[in-house]
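Notes to accompany the following structure.
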Amino acid sequence: MEIVPMPTTRKIAIIGAGPGGLTLARLLQMNGANVVVYERDGGQLSRAQGATLDLHDDAGLKALRKADLMNAFEANYRPDADKLMVVDQDGTIILNNFVSGDHGPERPEIDRGPLRDLLINSLRPDTIVWNRQFTSLATVDGSIDLSFSNGESALADIVIAADGANSRIRPYITTIGPIYSGITIVEGNVYHSAKATPEIHKLVDNGKICALGNSKSLFVVSKGDGSLAFYTGHRTDELWFRDSNIDFSNRTEVLNWFKSEFSGWSVLWDALFENAEPNITPRPQYFFPMGRSWEALPNMTMIGDAAHVMPPYAGEGVNMAMLDALELAECLLSNDYPNVQSAIASYESQMRKRALASTHMTLDQTYAFHSPVAIPRLIEFFAEHIDAKVRAQA
Ligand SMILES: Cc1cc2nc3c(=O)[nH]c(=O)nc-3n(C[C@H](O)[C@H](O)[C@H](O)COP(=O)(O)OP(=O)(O)OC[C@H]3O[C@@H](n4cnc5c(N)ncnc54)[C@H](O)[C@@H]3O)c2cc1C
């Protein structure tokens with residue numbers, strides 16, 4: 001059956017209400033498309049959202065401009081939160097108050113929660129169906145029959161996977177899957193950090209800390225609600241989180257692991273683990289194999305982490321997800337393609353090119369941060385920027 005473009009009469013199901021899925025829903029809906037988002041969370045407030053994200057002018061911000069959401073962004077972003085401090089494992093400051101806008105394009109920061117809220121609030125009520133964890137799909141008479149873990153099902157004409165790194169839909173699109181990068185993150189949150197971890201709270205000063213040493217990393221990121229998010233990075237096996245037998249719900253066990261794995265690091269950092277909320281989470285980091293492609297399907301594609309997960313060290317993930325949303329919306333809404341399959345093929349070809357470049361850059365950064373020469377390399381990197389500024393002023 002030939003599917004015609006302009007999906008205004010066709011039901012588009014987006015699986016996943018992350019930044020990618022919600023941006024796509026907004027862009028399609030404001031142009032008259034019939035969109036439903038299915039999300040596994042029980043509701044908008046059912047889960048604490050992660051830390052701050054910097055949006056790039058040619059990616060995340062570009063999508064928000066097209067979505068007519070810059071006023072909402074300006075009301076919710078966190079000026080000065082892009083302030084970065086680089087320290088070594090002892091907390092000795094190497095670079096202070098580095099602000100992206102002083103050395104290149106501005107990269108304003110917004111916390112994930114407010115970004116998600118402003119996107120949700122831009123959608124018509126009932127666009128998102130909560131408590132729908134996608135489990136499987138089948139094609140029935142040209143429609144796609146979606147099944148969810150609570151026994152519910154729904155029909156759609158076009159399905160977009162926006163269900164993140166462990167996408168359950170991706171295997172229906174391609175057999176290519178993500179590859180382990182060799183780095184695992186251990187992520188935690190500290191609420192009321194001014195009281196709980198005053199020394200680190202003062203050091204982070206509403207911005208971000210990047211601590212490097214011994215081929216390991218620790219990022220501490222302030223949030224607008226007075227909490228801190230932190231994540232360590234170290235080289236280990238893919239299944240370390242399982243095989244180490246660490247009980248990640250037990251702070252003391254995680255602290256003991258940190259003291260041993262990050263031996264030689266200052267006791268300053270211990271306070272993060274001593275005061276972390278119980279849901280400390282190990283996250284092996286993956287990337288999508290580069291330069292591989294698949295044949296476009298007539299009625300299914302993927303965006304964001306589902307299509308090209310990568311480690312967070314270059315701040316590309318959310319920007320790529322939102323730019324995917326913009327480019328896919330433009331392709332699906334365009335009259336330039338003879339059918340939806342061609343629109344999807346065009347989107348996927350641009351997306352793969354972009355993802356290839358960001359994955360390369362992200363992996364370079366990831367391995368640089370986790371190498372014995374992480375600090376000298378970072379000084380070299382920032383020195384270039386500083387030199388460029390000085391040159392411009394001369
Ligand atoms: C510790 C950490 C720090 C990071 N820091 C940064 C940063 O500073 N800058 C940056 O750009 N990126 C960062 N990232 C990466 C960034 O979070 C992701 O790239 C981005 O969120 C991808 O957006 P997405 O919409 O594709 O997927 P997600 O944000 O993962 O959203 C997927 C959504 O789908 C839902 N879902 C999942 N499975 C199902 C299912 N089966 N059925 C229904 N719904 C489902 C989820 O609940 C979620 O709401 C970081 C990631 C981590 C882990």
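None of the values given here were measured: they were computed from a predicted structure. Read the numbers this way: they start at 1 and go in the same order the structure lists the ligands and their atoms.
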Under 3.5 Å, which donor-acceptor pairs link side chains of residues 109-120 to any protein atom two or more places apart or in another chain?
| unit_1 | atom_1 | unit_2 | atom_2 | d |
| --- | --- | --- | --- | --- |
| Glu109 | OE1 | Thr52 | OG1 | 2.7 |
| Glu109 | OE1 | Asp54 | N | 3.4 |
| Glu109 | OE2 | Lys208 | NZ | 3.0 |
| Asp111 | OD1 | Arg78 | NH1 | 3.0 |
| Asp111 | OD2 | Gly224 | N | 2.6 |
| Arg116 | NE | Ala17 | O | 3.3 |
| Arg116 | NH2 | Asp41 | OD2 | 3.2 |
| Asp117 | OD1 | Gln44 | NE2 | 3.0 |

Side chain to side chain contact (heavy atoms under 4.5 Å, CB included) between Arg352 and Tyr347, worked out: CA-CA 9 Å; Arg352 275 192 292 261; Tyr347 153 72; over 6 Å; no
Polar pairs, ligand 1 vs protein, N/O only, below 3.5 Å.
| unit_1 | atom_1 | unit_2 | atom_2 | d |
| --- | --- | --- | --- | --- |
| ligand 1 | 11 (O) | Gly315 | O | 3.2 |
| ligand 1 | 11 (O) | Gly317 | N | 3.3 |
| ligand 1 | 11 (O) | Val318 | N | 2.9 |
| ligand 1 | 17 (O) | Arg112 | NH2 | 2.2 |
| ligand 1 | 19 (O) | Asp305 | OD1 | 2.8 |
| ligand 1 | 19 (O) | Asp305 | OD2 | 3.3 |
| ligand 1 | 21 (O) | Arg112 | NH1 | 3.1 |
| ligand 1 | 21 (O) | Arg112 | NH2 | 3.1 |
| ligand 1 | 25 (O) | Pro19 | N | 3.4 |
| ligand 1 | 25 (O) | Gly20 | N | 2.9 |
| ligand 1 | 26 (O) | Asp305 | N | 2.9 |
| ligand 1 | 29 (O) | Arg112 | NH1 | 3.3 |
| ligand 1 | 41 (N) | Phe134 | O | 3.3 |
| ligand 1 | 42 (N) | Phe134 | N | 2.8 |
| ligand 1 | 44 (N) | Arg40 | N | 3.2 |
| ligand 1 | 47 (O) | Glu39 | OE2 | 2.7 |
| ligand 1 | 47 (O) | Arg40 | NE | 3.0 |
| ligand 1 | 49 (O) | Glu39 | OE1 | 2.7 |
| ligand 1 | 49 (O) | Glu39 | OE2 | 3.4 |

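Under the 4.0 Å criterion applied to side-chain N and carboxylate O atoms, Glu261 and Lys216 are assigned as salt-bridge partners.
In this structure Arg168 satisfies the salt bridge (Lys or Arg N to Asp or Glu O under 4.0 Å) test with no other residue, sequence neighbours excluded.
The list of ring-ring contact (aromatic ring centres under 6.0 Å, His included) pairs with a residue in residues 146-171, not counting sequence neighbours, reads Tyr38-Phe148.
Proximity of the aromatic rings of Tyr313 and His370 is defined here by a centroid distance below 6.0 angstrom, and this criterion is met.
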